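Quick caveat, the model's predicted, so the values are computed rather than measured. Heads up: numbering here begins at 1 and tracks the sequence.
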Amino acid sequence: AHYEKMFLYCVTWSLGGMLQASDRPKLSKKMQELSGAAAPTMDASETFFEYFVDDASKEWAHWESRVPEWSYPHEEEKPKFAQLIIPTLDSVRLEALLGA
């Protein structure tokens, strides 16, 4: 079951990584139809692109679970706003995919 989930995760990004955001739900819907029970349990508004296979549990996990808490740097008198990096679902997901 773990390899099947990893395969679906790899297919999601190898075939769908270059798709426009508007086309990703179409691929995700078809993948759900084909994968059955191996697909993550998701809301109607979510797609395969919001999930990854957790290495420890070997289960699907939402990328939101990897987004760290961010707090404004109050200790700096004048923070450089152009250098502030606020982690989001997209930034955390892309960093993981790119191996950063």
Side-chain angles (χ1 to χ4, degrees):
H2 174 64
Y3 289 120
E4 190 173 4
K5 291 173 187 171
M6 288 302 297
F7 176 77
L8 291 170
Y9 175 78
C10 292
V11 167
T12 298
W13 288 103
S14 63
L15 296 179
M18 297 298 290
L19 291 176
Q20 297 292 324
S22 60
D23 291 327
R24 287 182 174 186
K26 297 172 193 170
L27 174 65
S28 185
K29 182 179 178 186
K30 192 62 172 174
M31 287 181 59
Q32 276 187 297
E33 291 171 9
L34 297 171
S35 61
T41 304
M42 58 183 99
D43 296 335
S45 63
E46 296 179 322
T47 66
F48 268 86
F49 295 92
E50 275 79 47
Y51 291 87
F52 68 98
V53 180
D54 183 60
D55 290 333
S57 69
K58 311 283 192 261
E59 297 296 329
W60 290 107
H62 200 284
W63 279 109
E64 194 71 37
S65 67
R66 304 251 329 244
V67 178
E69 184 74 26
W70 185 81
S71 59
Y72 185 82
H74 293 289
E75 62 278 356
E76 293 183 40
E77 187 175 324
K78 292 184 180 181
K80 297 177 180 160
F81 290 102
Q83 294 179 348
L84 293 178
I85 298 174
I86 302 170
T88 65
L89 185 141
D90 287 329
S91 67
V92 169
R93 178 173 48 199
L94 291 173
E95 281 182 22
L97 288 170
L98 296 173

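- Across every non-hydrogen atom of W70 and I85, the tightest pair is NE1-O, 3.4 Å.
- Counting only distance, with no hydrogens or angles, the side chain of R24 and the backbone of M18 share no donor-acceptor pair below 3.5 Å.
- Summarising the local packing, CD of E75 is surrounded by more than 12 heavy atoms from other residues, nucleotides or ligands at distances under 6.0 Å.
- The 12-atom threshold is exceeded at NZ of K58, counting heavy atoms of other residues, nucleotides or ligands nearer than 6.0 Å.
- Atom OH of Y3 has 12 or fewer heavy atoms from other residues, nucleotides or ligands within 6.0 Å.
- Of the inter-residue distances, the one linking E46 atom CD with T41 atom OG1 reads 10.0 Å to the nearest 0.5 angstrom.
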Test E59 against K5 for side-chain contact (heavy atoms from CB on, under 4.5 Å), laying out the working first.
-> CA-CA 8 Å; E59 297 296 329; K5 291 173 187 171; 2.8 Å; yes

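- The same ILVMFWY cluster, assembled from side-chain heavy atoms under 4.5 Å apart, contains both M6 and M42.
- Residues S35 and E4 share a closest heavy-atom pair of O-OE2, 4.3 Å.
- Rounding to the nearest 0.5 Å gives a distance of 9.5 Å between OG1 of T12 and CZ of F7.
- Checked by atom type and distance alone, the side chain of T88 pairs as donor or acceptor with a backbone atom of S91 at under 3.5 Å.
- Between the side chain of T47 and the backbone N or O of P25, no donor-acceptor pair lies under 3.5 Å.
- The two atoms that bring L15 and L27 nearest to each other are C-CD2, 4.3 Å, heavy atoms only.
- Here the CG-CZ distance, from L19 to F49, works out to 6.0 Å after rounding to the nearest 0.5 Å.
- For the pair S14 (side chain) and C10 (backbone), a donor-acceptor distance under 3.5 Å is present.
- Under the 30°/60° scheme for interplanar angles, the aromatic rings of Y9 and W60 are found to be tilted.
- A 4.5 Å side-chain heavy-atom check between S65 and F52 finds at least one atom pair inside the cut-off.
- Here the NE2-CG distance, from H2 to D55, works out to 7.0 Å after rounding to the nearest 0.5 Å.
- How far CH2 of W63 is from CG of L97: 5.5 Å, rounded to the nearest 0.5 Å.
- In the hydrophobic clustering of ILVMFWY residues, with side-chain heavy atoms under 4.5 Å counting as a link, W13 and L34 come out apart.
- Note that CG of D90 is 8.5 Å distant from CD of E50, once rounded to the nearest 0.5 Å.
- E95 contributes no side-chain N or O that, together with a main-chain N or O of V92, makes up a donor-acceptor pair within less than 3.5 Å.
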